[in-house]
Amino acid sequence: MQISVQDHALYAYTGGKDFNPAQPTAVFIHGVLNDHSVWILQTRYLAHHGWNVLAIDLPGHGKSAGQPPQSVEEAADTVVALLDTLQIEKAALIGHSFGSLIALEATARDAAVHPGRVSHLVMVGTAYPMRVSPALLDLSVSAPFKAIDMVNTFSHSTLAPPPSALGPGTWLVGASKALMRRVLASNTQVNVFHTGFLACDSYSGGEAAMPQVTCPTLFVLGSADQMTPPKAAQSLINLCAKPQVVKLPAGHSLMTEAPEGVLQALKDFLKP
C-alpha cells in the first residue's frame with residue numbers, strides 16, 4: 001500500500017488486507033537497515049484477527065520515497081503525519097530498535113495534540129541512550145558490508161529459527177545480511193546505514209518523551225541481546241507510567257529469533 005505522506009509515497013505492508021476504518025490500527029516501525037518484512041509473522045496474524053496493519057518502510061528506505069530521516073524526531077513526525085493522513089482514531093505503535101525510539105517519540109508528540117489516539121506503545125529491542133560505537137559508525141561509511149557482518153554477529157543468538165518464522169532451518173544471519181544489503185542498495189543517494197546509526201546515537205529526548213506517554217507500554221527484550229541488552233532499557237522502564245516487560249530467549253533480532261514469543265506478547269498486550 002502506497003500512501004502520500006509529507007508529499008512523498010510511503011510504503012506500508014498491510015498483511016494482505018484492505019484498510020478498514022472501523023478497526024483499530026497497528027503501526028510497525030523497523031530498525032536501522034531493515035524494512036517492513038522483519039515483522040512478517042506478527043503483521044499477518046494481526047491483519048487476519050481484527051486489526052489494520054501498517055508495517056512501514058521509513059522514508060528513503062525500501063519501497064518508500066523521500067529523504068531518510070536524519071533524527072528520531074524527524075521520523076516520529078512522519079509517523080504522526082501517517083496517522084493524520086489516514087485519519088486514524090486509535091493506533092498502537094510498535095517499534096524495533098531505532099523504530100522503538102521513533103514509536104516513543106511519536107507517542108509523546110501525538111499525546112499533546114490528540115490525547116488518547118495512541119492506545120498502546122510497544123518497544124522491542126530498545127535501549128536509552130542507544131549509543132553506537134564510534135568504530136561501528138565509521139565502518140558504516142568506510143566498509144558497510146563489514147559493519148553489516150558485525151551487526152549480525154551481535155544481533156543473533158541462534159543460527160536457525162523455529163518453523164513459524166522464515167521456515168525450518170533458515171539461516172537467520174544470512175537472511176538478515178541479505179536484507180540489510182538490499183535496504184542499503186535501495187537508496188543510492190544517502191547511506192541509510194550511517195544515517196540511521198547517527199539518529200540512534202544522537203537521540204537525547206527519551207527522558208522527556210517517556211513521561212508524556214500515558215498509554216500502556218510493553219517492553220519486549222531479548223535476554224541474549226548484545227546490541228541493546230535488557231539493562232539498557234531500564235532507564236525508560238523507570239520513567240514509564242504503565243510498563244509491562246517481557247523477556248524472551250533471543251538476541252536483538254527478536255521478531256525472527258523468537259517469532260512466536262513476540263507474537264504472543266503482542267496478542268496478550270493488545271487485547272481490548
Side-chain angles (χ1 to χ4, degrees), residues 3 5-6 10 12 23-32 36 39 42-43 46 51-59 69-130 196 199-200 202-221 228 232-246 254-255 262 265-266 268-272:
I3 309 157
V5 178
Q6 298 174 317
L10 186 78
Q23 295 183 158
T25 298
V27 179
F28 289 79
I29 310 163
H30 62 78
V32 173
H36 68 278
W39 301 103
Q42 298 82 21
T43 50
L46 290 182
W51 285 80
N52 294 313
V53 163
L54 298 171
I56 66 171
D57 286 355
L58 288 169
Q70 301 293 308
S71 66
V72 168
E73 292 86 350
E74 187 178 330
D77 287 341
T78 296
V79 173
V80 173
L82 171 65
L83 301 182
D84 291 341
T85 297
L86 294 180
Q87 299 181 323
I88 293 172
E89 296 183 0
K90 286 290 182 183
L93 300 188
I94 303 162
H96 172 243
S97 196
F98 177 32
S100 71
L101 300 181
I102 297 168
L104 167 62
E105 184 68 23
T107 301
R109 287 173 173 235
D110 197 57
V113 182
H114 301 286
R117 179 162 70 168
V118 177
S119 61
H120 302 77
L121 170 63
V122 182
M123 304 183 71
V124 182
T126 195
Y128 182 79
M130 196 174 284
C200 292
S202 62
Y203 180 60
S204 60
E207 287 135 327
M210 184 54 81
Q212 305 304 313
V213 175
T214 58
C215 65
T217 302
L218 174 65
F219 296 84
V220 183
L221 310 174
T228 55
Q234 195 60 49
S235 63
L236 292 180
I237 295 170
N238 291 343
L239 291 169
C240 184
K242 301 175 183 177
Q244 298 181 37
V245 180
V246 172
L254 290 103
M255 295 85 74
V262 173
L266 291 179
D268 291 343
F269 183 63
L270 296 175
K271 287 179 179 177

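A quick note: this is a predicted structure, and the numbers were derived from the prediction, not measured. In this chain, residues are counted from 1 in sequence order.
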[Y] and [X], any side-chain heavy atoms less than 4.5 Å apart:
| X | Y | result |
| --- | --- | --- |
| Q42 | L266 | yes |
| D57 | L10 | no |
| T25 | V53 | no |
| I29 | I94 | no |
| V220 | V245 | no |
| S71 | S202 | no |

side-chain contact (heavy atoms from CB on, under 4.5 Å) partner of V118, the single match among V27, I88, L93, V80
L93
Can we call the ring centroids of F28 and H36 under 6.0 Å apart?
no
Assess whether side-chain contact (heavy atoms from CB on, under 4.5 Å) is satisfied between Y203 and M130, documenting all intermediate values.
CA-CA 7 Å; Y203 180 60; M130 196 174 284; over 6 Å; no
For residues 82-96, which residue pairs pass the side-chain hydrogen bond (donor to acceptor under 3.5 Å, both in side chains) check, not counting sequence neighbours?
D84-R117
Under 3.5 Å, side chain of N52 to main-chain N/O of Q23, donor-acceptor pair present?
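Checked: pair present.
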Looking at A106, is its backbone amide N or carbonyl O close enough to the side chain of D110 to form a donor-acceptor pair, meaning the two atoms are under 3.5 Å apart?
no
Gap between atom [atom2] of [Y] and atom [atom1] of [X] - 0.5 Å precision:
| X | Y | atom1 | atom2 | answer |
| --- | --- | --- | --- | --- |
| L54 | I3 | CG | CD1 | 5.5 Å |
| S97 | M255 | OG | CE | 8.5 Å |
| M123 | I102 | CE | CD1 | 10.5 Å |

Please list, one pair per line, the donor and acceptor atoms closer than 3.5 Å that link side chains of residues 205-216 to other protein atoms, with sequence neighbours excluded.
{"from": "E207", "atom 1": "OE1", "to": "Y128", "atom 2": "OH", "distance (Å)": "3.1"}

Return the set of residues passing side-chain hydrogen bond (donor to acceptor under 3.5 Å, both in side chains) with Q6 (not counting sequence neighbours), or none when no residue passes.
T78
Heavy atoms only: give me the nearest [X]-[Y] pair and the separation to one decimal.
| X | Y | value |
| --- | --- | --- |
| V262 | L254 | CG2-O, 3.6 Å |
| H30 | I56 | CD2-O, 3.2 Å |
| F98 | G196 | CE2-CA, 4.2 Å |
| G125 | T228 | O-OG1, 3.1 Å |
| I237 | L221 | CD1-CD1, 4.5 Å |
| L101 | V72 | O-CG1, 3.5 Å |

Decide side-chain contact (heavy atoms from CB on, under 4.5 Å) for W51 and L270; before the verdict, give the C-alpha distance in whole Å, the side-chain angles of both, and the deciding distance to 0.1 Å.
CA-CA 10 Å; W51 285 80; L270 296 175; 3.7 Å; yes
Pair C240-F219, side-chain contact (heavy atoms from CB on, under 4.5 Å): steps then yes or no
CA-CA 10 Å; C240 184; F219 296 84; 4.2 Å; yes
Show the numbers, then the answer: is there a side-chain contact (heavy atoms from CB on, under 4.5 Å) between V124 and T126?
CA-CA 5 Å; V124 182; T126 195; over 6 Å; no
